[in-house]
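The structure appears below as structure tokens.
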Protein chains: 2
Amino acid sequence: MTALETPTLAHVARLANVSENTVSRVIRDKGAIAPETRRRVIEAIDALGYVPNRAAGSLASSSSMIVGVILPSLSNIVFPELLRGIHAGLAGTSYQPMIGVTDYDLEKEQQLISSLLAWQPAAIITTGFDHTDAARRMLEASKVRVGELMDIDRRPIDLAVGLSHRGAGRAMARHLTRRGYSKIAYVGHDWDADRRAHARYRGLCEGLGDVGLALVAEHRVDGPSSTLSGRQALAAILADGAEIEAVAFSNDDMAVGGYLHCLAAAVPVPDRLALMGFNGLEIGQALPKPLATVLSNRFAIGKTAVETLLKSPDRAFEPAIIDTGFTIIDGATA
Amino acid sequence: MTALETPTLAHVARLANVSENTVSRVIRDKGAIAPETRRRVIEAIDALGYVPNRAAGSLASSSSMIVGVILPSLSNIVFPELLRGIHAGLAGTSYQPMIGVTDYDLEKEQQLISSLLAWQPAAIITTGFDHTDAARRMLEASKVRVGELMDIDRRPIDLAVGLSHRGAGRAMARHLTRRGYSKIAYVGHDWDADRRAHARYRGLCEGLGDVGLALVAEHRVDGPSSTLSGRQALAAILADGAEIEAVAFSNDDMAVGGYLHCLAAAVPVPDRLALMGFNGLEIGQALPKPLATVLSNRFAIGKTAVETLLKSPDRAFEPAIIDTGFTIIDGATA
DNA sequence: CTGTTAGCGCCTTCAT
DNA sequence: ATGAAGGCGCTAACAG
């Protein structure tokens, strides 16, 4: 043994006195192997500290243990949480997530899909249904499993896992109106990047319309959501002077900012102004009054998605949709 | 052209009327190529929509465009931010990050190092200096570049990028004592998992010792840091009755929780109680009074690390250490 | 500046 | 239940 150089299948085979093929079978747990043979092989494997070369395996089998994960952003805490769920679903398997970030740019997404496909991954996971035509074609043409996460309001390529954002918006409207608020305003962020926020807005308006109401004011900031911009946006909309009893925010980041403005400006919540967010972030529940919000179960979405995708290497005839639902969190701010 | 099947180098070569090798050279931008030849090759590449098979490339070159990234957690926002920095450093290159999460478990880290090395990555990035012996041996034996991030207080295997947590702790002590506080308490979380928090604690104690002071109280919660546990911990330490003028928290999560307790319990900040955190999270700056804290530049750490690691495929003779420093943020809570 | 020749380490297929 | 042969798609020498 010249040691030092990394051991290959051949080394293990020699040491265990079997063919490479048998070693390969043991590793992949495929085909029947005599218990005694398996024992010898395993012994040889850890005697040598053998670790299979994934590149060679992928090349030979034209498929890899990689799961490509494409996220719009890492700044928004919900995506790391989605990633956590994906990780949890991958735990105990040999799959490794390879990740990319689009910054909400569909061209970048297409680019990422292309480079991820170059690894012949077992699955590609992305968010939403918006893709460039080329991206969609590449995904459809490749035979990898495709998960489109967060949203379920359209027909997916292969599998969608998420919740109805329109439904969540309606639920927010229902919650607020049932609590007796009728002068309701909306404070949100950029819809171009965040289509799901827009869907919730539409649901909110529909829900209000159902009971003969409409938004009394709305304010949208440019750029992504953040605590700071939520704080500023609420200050701005209140400064406009419209009479407002409750504010529905595009998400918890914005809502927490709004709440902090109320604290700083001594606006009684919810008596003078009720606040409601979306997502159910931890920070919202740590506020002096826990935030009324809607729990979108990001972790479950990610976990369910990988588990479902990896169950079978092939797509079904019909795309599947898994609704992970949402839960109203009453809180104390609305 | 039988279309449908994914094109390979051979297809491109045939179409461009050159050898496979030439195509390979064009793709990797290696060796001199006649402008005319390069044009033809590129034309053929996008005529066919050719995407190189990464597995084949890795196998042949025994090195891949993968950067293995091992994070202790995704729940703590600082690690997604570190990942953002890593991403930023990778932007515009063909490298792809493959990520793993240890949940602060060194055995899991070792396991991840092993499976990531199976991909023959260009570099492996992990956090801190604590690894199992086996893990350290694997990293040292492999010739991949190794980045150990966040901390710089020990000798790295290859490259360390981060800040001195002991120094940051001392800086917190200095800040608080200079502001005239002398009855200082500490509220923190689990040190076993978070060694850097422990290092800051030690620095804090040293810094106080330098001016003849010592902590008047301390409280540590089990488990990871969170806003909720910070809130509860501050409530607990105040209930104990010791006279306290200022509290140094193990990080901003805990400190924000503490601040929220003060808001809820109507404790005037900083007049009755001063608060200081660590990290410089956005949420701390959105509070009614911006949190006094220490900015640890996670994004820069990640970005600098990959940029430095990928500059050269080989390790230097001596390990390198890059200090990204920290910045006191005065805020208004201390 | 370009082509030829050998693998890289594993998996698949077909035998036995 | 195991082995032998061939090839996956690319890159690394070495020629020329």
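Lettering of chains follows the sequences in order, A, B, ..., and the numbering in each one begins at 1.
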Taking 5' to 3' order, which nucleotide of DNA chain D is first and which is last to have an atom within less than 4.0 Å of a heavy atom in chain A?
D/dA1 to D/dG9
Scan side-chain atoms only and decide if A/Ser24 and A/Arg28 contain a donor-acceptor pair under the 3.5 Å cut-off.
yes
Looking at B/Arg38 and B/Asp29, is any side-chain nitrogen of the basic one under 4.0 Å from a carboxylate oxygen of the acidic one?
yes
Do B/Ile321 and B/Pro156 come within less than 4.5 Å of each other through their side chains, counting heavy atoms only?
yes
So does A/Arg84 pair up with B/Asp103, basic N to acidic O under 4.0 Å?
no
Atom-to-atom span, NE2 of A/His11 to P of C/dC8 - whole angstrom
10 Å
Side-chain heavy atoms of B/Tyr104 within contact of B/Ser73, under 4.5 Å
yes
Of the residues in residues 56-63 of chain B, which ones touch DNA chain C at a heavy-atom distance under 4.0 Å?
B/Leu59, B/Ala60
Hey, are B/Thr126 and B/Glu109 close enough side-chain-wise for a donor-acceptor pair under 3.5 Å?
yes
Protein-nucleic acid N or O pairs under 3.5 Å, nucleotides 4-6 of chain C:
residue : atom : partner : partner atom : Å
C/dT4   : O4   : B/Asn21 : ND2          : 2.4

Assess whether a salt bridge exists between A/Glu36 and A/Arg39, defined as any Lys/Arg side-chain N lying under 4.0 Å from an Asp/Glu carboxylate O.
yes
Charged N to carboxylate O under 4.0 angstrom, B/Arg145 versus B/Asp158?
yes
Round to the nearest Å and state the distance from A/Met65 atom CE to C/dC10 atom P.
15 Å
Residue pair A/Ser64 / A/Gln120, side-chain donor-acceptor N/O under 3.5 Å
no
Would you mind classifying the nucleic acid contact of B/Leu9 as base, sugar-phosphate or nothing, using non-hydrogen atoms under 4.0 angstrom?
base
Using atom CZ of B/Arg54 as one end and atom C1' of C/dC10 as the other, report the distance to the nearest whole Å.
20 Å
Does any part of the side chain of B/Glu148, heavy atoms only, come nearer than 4.5 Å to the side chain of B/Phe129, both counted from C-beta?
yes
